[in-house]
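Data block below; observations after.
Just so we're on the same page: letters track the sequence lines, and every chain starts at 1. Side chains are part of it too, since the values below use all heavy atoms of this structure and drop only hydrogens, waters and symmetry mates.
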Amino acid sequence: MQKMLTIISNVLRGSASRNGTRVVVSARTYADFTPQASFDIKKCDLYKLEEGPPLQAVLTREEGLQYYRTMQTIRRMELKADQLYKQKIIRGFCHLYDGQEACAVGIEAGINLSDHLITAYRAHGYTYTRGGTVREIMAELTGRRGGIAKGKGGSMHMYTKHFYGGNGIVGAQVPLGAGVALACKYLGKNELCVCLYGDGAANQGQIFETYNMASLWKLPCIFVCENNQYGMGTSVERAAASTDYYKRGDFIPGLRVDGMDVLCVREATKFAAEHCRSGKGPILMELQTYRFHGHSMTDPGVSYRTREEVHDMRSKSDPITLLKDRMVSNNMVSVEELKEIDVEVKKEVEDAAEFATTDPEPPLEELCNNIFYNEPPMEVRGTSPWIKFKSVS
Amino acid sequence: MASLRLLLRSGKNAVSAVLRREFHGTPPAAVQVTVRDALNQALDEEMERDERVFLLGEEVAQYDGAYKVSRGLWKKYGDKRIMDTPITEMGFAGIAVGAAMAGLRPICEFMTFNFSMQAIDQVINSAAKTYYMSAGLQPVPIVFRGPNGSSAGVAAQHSQCFAAWYGHCPGLKVVSPWNAEDARGLLKSAIRDDNPVVFLENELMYGVPFEMSEESQSKDFLIPIGKAKIERQGSHVTLVSHSRMVGLCLDAAVVLAKEGIECEVINMRSIRPMDTEAIETSVMKTNHLITIEGGWPHFGVGSEILAEIMEGPAFNFLDAPAVRVTGVDIPMPYAKILEDNSIPQIKDIIYTVKKTLNV
């Protein structure tokens, strides 16, 4: 056990150091740390379910470090995006995810990369957890050729394998997600689709149409309502006659989950995934979470909610702090170790931002490419009859 | 028993259906096939060819299709591949697009394209734009099909033509077949195409039989999307049309030929991409252009053709302004006399030809 821990920690340290030199993390050896611990997690409210996820979650040191690193990366990446937006290097829409990191990281921890996921426009965190790099995400935000969509999509239209964006039309991604789940069932690969939407989108008619069909056809779909209490500037009480979003699926079983606790989200996701994979059909998870920023970069986020509320959530319910406190108080990591991860993450994000600001914009020759797939080159009309662009697949 | 029931149905439709069933696998040299049956055969063959192809829509399975286009398919392929949906266009169109994104090849039927308006966001924002927004990462191989345009006595909410609406959008292919051969070849091409295709059928054409050559009955008979067909050679005036109106143009051409006016009739087949070159070549020969469509005039298919001719080499060959023959700029009325006068008739085409030629 000790030997295995040493090997694992060596690997972690080796990958952590950027220029190959060994980094002395602390004077303590890894035998001093608790390899894993069991934590009480909040009981989920259940709807049409006999039993729910377990009330305890086991967290290993490796998992803890990985969740911490991932959440911290998302956090720093979003804060960097905030900075770049204020410098006018990022333009248009920019919806930041800080505060909600536990949702993206917890969900990914409960599924496999071979599963599928689709979300709305607050998508940078998911693009990362689904396999995008900070570099290509930031370069997409700044609209450069190194962006994950070559600069053609922007903040709301990022894609990667088994991740279907990034969708700008509120609620439209929900039927799409059920369609992905239909393909999973049709192709018989025991995969599922996690289909996310917000509290604002939850009132969309097409979502109820989707609940109906997903349930009728028993699609392996986990509907996830990321309830961050506000649809743009409209609080849940002002938008929904019933704010029990986990019950809104009517005939679909649901659970309400503490979305600020990465372990709670993970256990709930595992539970939901098991439900889907066993052929029982769709299930609905409401993640109660909070966004520290306003709706988007043009929204200071304080005209419809109080500064005290935001401050309160930041100081008492920060998902990263919650995880950190758990791990430190259980002697699973040292504070220095986490600080070191912070330094590495900061560097990674700085480097990515450097790339995102210096990478050139896509060439004009790219303007009309990627209209059709698997198509011979064609001509696309420009702004006047004499201007023609070449378009390749 | 099945044959007897078929025979009891009216006319040529039944005969061709019986013939098809009798000669399954070895079609005779040329045979009469209705547009409906051509579509049905194309669907059947493409589903047999590729397991990822499936059909969803209202009443496509157990009802055999609202217009019987999918007759027999549910019996052959079952629930997995022929799916009846609830009456929720936005939902099932979105589901179809999602399935296409994840590796299947759905055919999404709208009972009529009027109902596609409920789902148009999914067609445009989720299907058409995604390959571009993802810079080539995410193709969407989907076909949206169903009857488009005016029918008979179904009034305003059920008679709109959407060719111009969908033809407006980059990222979509839009086709509008006229006869059985068009229907068969274009549907096969649409299903095999890796991009979103809007396939505009016409309810009044479903029951019309056409002779189909042996070649057009082959399982790999494909009509390329983006290429028009000259249905009739002529030298005095070019008539450009799509869907049912092509038939009217040909009828008008027969009448005009008796007076010595030879019309060249072009069947567009594709709205987007449009075969502008074919139209230009024809105009450079005849020096006169008239477009004929069932849809409304403003911002329509004809408007686009005229604009492109203005901007291209054919302009200098025009001896008279190019004009459009279109549906009347009103919501479709119900009473037969009003409805008949709301869409182009053969006499309107003849009148316009003579005005254009100044005879």
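Within the 4.5 angstrom heavy-atom criterion, only side-chain atoms of A/Leu216, from C-beta onward, approach chain B. Neither the backbone nor the side chain of A/Trp386 comes within contact range of chain B, judged by heavy atoms closer than 4.5 Å. Contacts between A/Asn369 and chain B at a heavy-atom distance below 4.5 Å involve the backbone alone (N, CA, C, O). Contacts between A/Ile207 and chain B at a heavy-atom distance below 4.5 Å are absent for every atom of the residue. Using a 4.5 Å cut-off between heavy atoms, A/Tyr164 touches chain B through its side chain atoms alone. Using a 4.5 Å cut-off between heavy atoms, B/Asp194 touches chain A through backbone and side chain atoms alike. Contact annotation for A/Ile371: both backbone and side-chain heavy atoms come within less than 4.5 Å of a heavy atom of chain B.
Without hydrogens or angle criteria, B/Asn195 side chain to A/Tyr373 main chain gives a donor-acceptor distance under 3.5 Å.
Interface summary for chain B: among A/His157, A/Gln173, A/Met156, the most heavy-atom pairs under 4.5 angstrom belong to A/His157. Chain B forms more heavy-atom pairs under 4.5 Å with one residue of A/Ile169, A/Thr210, A/Asn374, A/Leu182 than with any other, namely A/Ile169. Looking only at heavy-atom pairs under 4.5 Å with chain A, the residue among B/Ala100, B/Gly103, B/Ser126 that has the most is B/Ser126. Put simply, of A/Arg381, A/Glu366, A/Met158, A/His162, the one with the most heavy-atom pairs under 4.5 Å next to chain B is A/Arg381.
For CD1 of A/Ile387, the number of neighbouring non-hydrogen atoms (other residues, nucleotides, ligands) closer than 6.0 Å is greater than 12. Within 6.0 Å of atom NZ in A/Lys161, 12 or fewer heavy atoms from other residues, nucleotides or ligands are found, so the atom counts as exposed in its surroundings. Taking a 6.0 Å sphere around CZ of B/Arg272, one finds it holds more than 12 heavy atoms contributed by other residues, nucleotides or ligands. The local environment of CZ in A/Phe208 is crowded, with over 12 non-hydrogen atoms from other residues, nucleotides or ligands closer than 6.0 Å. Counted within 6.0 Å of CZ on B/Phe299, heavy atoms from surrounding residues, nucleotides or ligands total 12 or fewer; the atom is thus considered open.
The distance from atom OH of B/Tyr132 to atom CG of A/Leu367, rounded to the nearest 0.5 Å, is 5.0 Å. Expressed to the nearest 0.5 Å, how far NZ of B/Lys173 lies from CD of A/Glu375 amounts to 3.0 Å. Residue A/Phe372 holds its CZ atom at 8.5 Å from CD1 of B/Ile225, rounded to the nearest 0.5 Å. The NZ atom of A/Lys150 lies 9.0 Å from the OG atom of B/Ser134; values are rounded to the nearest 0.5 Å.
Inspection of non-hydrogen atoms places B/Lys80, B/Arg81, B/Met83, B/Asp84, B/Thr85, B/Pro86, B/Thr88, B/Glu89, B/Met90, B/Gly91 of residues 75-91 of chain B under 4.5 Å from chain A. Scanning residues 305-315 of chain B against chain A with a 4.5 Å non-hydrogen threshold yields B/Glu311, sorted by number.
The nearest pair of heavy atoms linking A/Ser393 to B/Tyr131 is O-OH, 2.9 Å. Across A/Leu187 and B/Ala102, no two heavy atoms sit closer than the pair CD1-O, 4.1 Å. Heavy atoms only, all atoms of each residue included: B/Leu137 and A/Ile148 are closest at CD1-O, 3.6 Å. In this structure, A/Tyr186 and B/Val53 approach most closely via the heavy-atom pair OH-O, 3.6 Å.
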Stepwise side chain to side chain contact (heavy atoms under 4.5 Å, CB included) check, B/Gln122 with A/Leu176: CA-CA 9 Å; B/Gln122 298 288 2; A/Leu176 293 180; 3.8 Å; yes
